[in-house]
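From a predicted model like this one, the values you see are computed outputs, not experimental measurements.
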Amino acid sequence: MNRIVIICCMVFITSLHAQTFTEQDTLRGSITPERAWWDLNYYHLNIEVKPDEKLISGSNTIRYKVLTEAQVLQVDLQPPLQIKKVTQDGIELDIEHNGNAHFIKLKKQQKPGDFNEVVVYYSGHPKEAVRAPWDGGFSWNKDANGKDFIATSCQGLGASVWWPNKDHMYDEVDSMLISVKVPKGLMDVSNGRLRSIDKKTNTYHWFVSNPINNYGVNVNIGDYVHFGEKYKGEKGMLDMDYYVLRDNLEKAKIQFKQAPLMMEAFEHWFGPYPFYEDSYKLVEVPYLGMEHQSSVTYGNKYKNGYLGRDLSQSGWGLKFDYILIHESGHEWFANNITYKDIADMWVHESFTTYSENLYVDYHFGKEAASEYVIGMRSNIKNDRPIIGTYDVNKSGSGDMYFKGANIIHTLRQLVDNDEKWRAILRGLNKEFYHKTVTTAEIEQFIATKMGKDLGPFFDQYLRTTKVPLLSYKVEGNTLTYRYENTVEEFEMPVRIFIEGKAIWITPKKDWQNLSEKGDLNTLKIDPNFYIDTKKQ
Ligand SMILES: [Zn+2]
């Protein structure tokens with residue numbers, strides 16, 4: 001099968017061939033000098049959405065702190081949307097356009113430490129989503145009653161596909177107000193809390209009081225009805241609110257009973273939900289789903305599994321709603337801990353795919369969880385490395401999902417102490433609370449907590465497509481073993497069982513022997529390690 005399996009919330013793999021990158025890729029994917037000198041503080045996105053014309057118009061106010069002196073500021077917005085004008089302190093500014101990047105020439109002297117604002121006015125017909133959320137943009141749909149049902153999705157593609165912003169992940173805005181005017185009879189649900197509704201204009205004002213990444217921002221418009229509950233969590237009372245289409249209320253009330261079960265499992269494994277102040281929401285959308293921060297979007301048709309299918313083929317995948325669990329897992333790994341560069345997207349997807357098996361672990365036990373994550377292996381391709389190309393907005397292989405989950409599951413085996421492992425997962429969410437990170441930082445944190453050099457481990461699994469092969473022979477009562485297909489210095493211990501008794505061996509590139517008293521015909525290699533095995 002050449003085409004990648006459909007996986008949730010992102011990236012489709014286009015080609016295995018070497019790719020050339022353009023100036024636009026660099027402008028989009030790197031921290032350009034026109035981005036580096038200012039630090040995002042606040043956005044007020046203020047737009048009107050006109051479904052009949054598929055038109056949006058409005059402005060984004062960008063408040064920033066000056067870090068170093070400079071006079072040119074890069075803002076991103078993708079055609080066919082157009083910037084109408086940009087002002088600072090009411091004075092219109094000149095703009096130099098270069099594709100999706102727009103260079104604003106500031107008149108006022110930018111002094112380090114100052115907080116300044118630019119207001120970017122824009123309008124147009126935004127790119128329509130082709131296959132949301134993977135090939136995103138605006139989805140203009142209708143519900144079963146013929147009412148507008150509209151949503152945005154833009155991971156990878158970039159938030160600049162529908163609003164002007166600093167479209168690079170390294171710098172998250174500290175807080176944001178999202179004001180959306182929609183036709184009467186419809187409601188907008190965005191991130192954070194509903195601060196107010198201007199009934200005269202039917203404008204919804206949503207406020208996010210925590211740092212948020214660009215692709216996490218969203219607009220969802222429909223004939224929504226609301227229900228909710230209060231959840232007693234690790235950090236106090238958490239508001240959990242659900243917005244679904246009017247006709248789906250009863251189905252949602254049953255299916256979303258899984259939301260507090262999710263919260264319980266993930267707070268146990270990862271620590272407190274990272275956005276108590278902004279509440280937790282599930283919002284129905286006309287596409288499969290996406291990890292929009294504090295307004296997780298849901299389109300799994302109120303079925304368990306992935307649109308009713310078990311991606312693990314273990315049976316456990318049908319015990320829960322894949323989209324509800326997976327997209328919510330991203331609140332910890334994507335929204336709390338966020339990649340700086342999409343090349344490191346495994347930090348989002350590997351840990352979140354792994355989180356599904358921790359949900360299974362919490363509610364159905366450790367053995368069930370193992371069966372689930374091991375069952376996911378049939379989806380692994382080993383076509384390209386998991387880590388992508390830096391500075392050009394290029395993610396790695398879709399293996400970041402299922403292989404990634406199995407890499408992390410393998411780490412759990414190496415820790416061999418579930419309380420310690422849980423402390424590492426919770427520690428990650430504390431250390432990198434509301435931060436953007438690199439793979440190196442994540443590797444370093446885990447290695448330090450484990451007290452192990454994990455360099456070769458991560459090189460092998462994240463930077464090559466090679467699966468370690470444990471090759472072994474049994475002669476009499478001697479077991480001979482070694483690794484093949486590994487990077488230099490790859491010496492990962494593996495648990496084996498002889499007569500049911502666990503024994504750790506540390507294979508290397510050279511053959512080693514183990515003489516055992518037990519019956520080697522009973523030898524079993526622990527399947528929880530993501531390796532291949534070959535008996536000579
Ligand atoms: Zn995901």
Can you check whether Thr465 reaches Asp383 side chain to side chain, under 4.5 Å on heavy atoms? no
Kindly check if the number of other-residue, nucleotide or ligand heavy atoms within 6.0 Å of CD (Glu489) is above 12? no
Find out whether Asn218 and Val285 are in side-chain contact, i.e. whether some heavy atom of one side chain is under 4.5 Å from a heavy atom of the other. no
Can a donor-acceptor pair be found between the side chains of Glu327 and Thr297 at a distance below 3.5 Å? no
Do the charged groups of Lys281 and Asp239 touch, with an N to O distance under 4.0 Å? no
May I ask you to test the Leu479-Ile496 pair for a side-chain heavy-atom distance under 4.5 Å? yes
Of Tyr322, Trp316, Phe320, Phe402, the one forming a ring-ring contact (aromatic ring centres under 6.0 Å, His included) with Tyr372 is Phe320
What class does the angle between the rings of Tyr359 and His363 fall in, given that below 30° is parallel, 30 to 60° is tilted and above 60° is perpendicular? tilted
Can you measure from CZ (Phe256) to CG (Leu282) and round to the nearest 0.5 angstrom? 5.0 Å
Can a donor-acceptor pair be found between the side chains of Ser370 and Asn528 at a distance below 3.5 Å? yes
Return yes if some donor-acceptor pair links the side-chain N/O of Asp310 with the main-chain N/O of Ser314 below 3.5 Å, else return no. yes
Mind checking whether His409 and Tyr530 have ring centres under 6.0 Å apart? no
Determine whether a donor-acceptor pair (N or O, by modelled atom type, separation under 3.5 Å) exists between the side chain of Gln460 and the backbone of Phe457. no
Are any non-hydrogen side-chain atoms of Phe529 and Leu470 less than 4.5 angstrom apart? no
May I ask you to test the Met262-Glu331 pair for a side-chain heavy-atom distance under 4.5 Å? no
Should Val173 and Val217 count as side-chain neighbours, where that means a heavy-atom distance under 4.5 Å? no
Under the salt bridge (charged side-chain N to carboxylate O under 4.0 Å, His left out) rule, collect the residues that match up with Asp76, sequence neighbours excluded. Arg35
Less than 4.0 Å between a side-chain N and a carboxylate O, is that true for Asp135 and Arg131? no
Would you confirm whether Asn304, through its side chain, and Leu318, through its main-chain N or O, come within 3.5 Å as a donor-acceptor pair? yes
For the residue pair Tyr170 and His168, categorise the inter-ring angle as parallel (less than 30°), tilted (30 to 60°) or perpendicular (more than 60°). perpendicular
Run the numbers on Glu443 and Arg463 for salt bridge (charged side-chain N to carboxylate O under 4.0 Å, His left out), then give the verdict. CA-CA 13 Å; Glu443 283 184 23; Arg463 298 179 180 90; 2.7 Å; yes
Do other residues, nucleotides or ligands put more than 12 heavy atoms under 6.0 Å from Lys466 NZ? yes
Is Asp361 salt-bridged to Arg422, going by a charged N under 4.0 Å from an acidic O? no
Just checking, is any N or O donor in the side chain of Asp278 or Ser209 under 3.5 Å from an acceptor N or O on the other one? yes
Distance-only polar pair, side chains of Asn248 and Glu284, donor-acceptor under 3.5 Å: yes
Can you check whether Ser279's main-chain N or O pairs, donor with acceptor, with Tyr273's side chain at less than 3.5 Å? yes
Under a 3.5 Å cutoff, is there a donor and acceptor pairing between the side chains of Asn213 and Gln293? no
Looking at Glu234 and Arg426, is there a salt bridge between them, counting it only when a charged N and a carboxylate O are closer than 4.0 Å? yes
Whether the Ser295 and Tyr243 side chains hold a donor-acceptor pair (N or O, under 3.5 Å, no angle test) is what I'd like checked. no
For the side chain to side chain donor-acceptor pair (under 3.5 Å) test, which of Thr436, Thr338, Asn214 pairs with Glu172? Thr338
Taking the side chain from Tyr483 and the backbone from Val487, do they hold a donor-acceptor pair closer than 3.5 Å? no
Should the pair Tyr242 and Phe227 be assigned to parallel (<30°), tilted (30 to 60°) or perpendicular (>60°) ring geometry? tilted
Exceeds 12 heavy-atom contacts within 6.0 angstrom, atom NZ of Lys509: yes
Mutual orientation of the aromatic rings belonging to Tyr224 and Phe149 [parallel < 30°, tilted 30-60°, perpendicular > 60°]: perpendicular
I'd like to know if Arg384 and Asp399 make a salt bridge, using a cut-off of under 4.0 Å between side-chain N and carboxylate O. no
Test Trp332 against Phe266 for ring-ring contact (aromatic ring centres under 6.0 Å, His included), laying out the working first. CA-CA 9 Å; Trp332 285 263; Phe266 287 168; 5.6 Å; yes
Could you walk me through whether Asp526 and Gln413 pass side chain to side chain donor-acceptor pair (under 3.5 Å), step by step? CA-CA 9 Å; Asp526 191 334; Gln413 312 312 312; over 6 Å; no
pair Asp391-Phe21: side-chain heavy atoms closer than 4.5 Å: no
If you apply the rule side chain to side chain donor-acceptor pair (under 3.5 Å), what do you find for Asn191 with His292, and how did you get there? CA-CA 7 Å; Asn191 313 75; His292 297 116; over 6 Å; no
How long is the straight-line distance from CD1 of Ile407 back to CZ of Phe458, given to the nearest 0.5 Å? 8.5 Å
Between the CD atom in Gln313 and the OG atom in Ser378, the distance rounded to the nearest 0.5 Å is 4.5 Å
Ignoring hydrogens and geometry beyond distance, is a side-chain donor-acceptor pair present between Thr438 and Asp344 at under 3.5 Å? no
Ionic contact status for Lys534 with Glu484, cut-off 4.0 Å: yes
State the OG1-CG distance between Thr439 and Asp341, to the nearest 0.5 angstrom. 9.0 Å
With respect to Phe333, which candidate in Phe351, Tyr354, Phe432 satisfies the side-chain contact (heavy atoms from CB on, under 4.5 Å) definition? Phe351
Do Thr152 side-chain atoms and Val219 backbone N/O form a donor-acceptor pair below 3.5 Å? yes
Side chain of Ser350, backbone of Met400: donor and acceptor closer than 3.5 Å? yes
Step-by-step side chain to side chain donor-acceptor pair (under 3.5 Å) determination, Glu264 to Tyr231: CA-CA 9 Å; Glu264 192 182 332; Tyr231 178 82; 4.8 Å; no
When you measure from the side chain of Asn335 to the backbone N and O of Glu291, does any donor-acceptor pair fall under 3.5 Å? yes
Around atom NZ of Lys235, are there more than 12 heavy atoms from other residues, nucleotides or ligands closer than 6.0 Å? yes
State whether the number of non-hydrogen atoms from other residues, nucleotides or ligands found under 6.0 Å of Lys473 atom NZ is greater than 12. yes
Ring of Trp346, cation from Lys403 - is the NZ or CZ under 6.0 Å from the centre and inside 45° of the axis? no
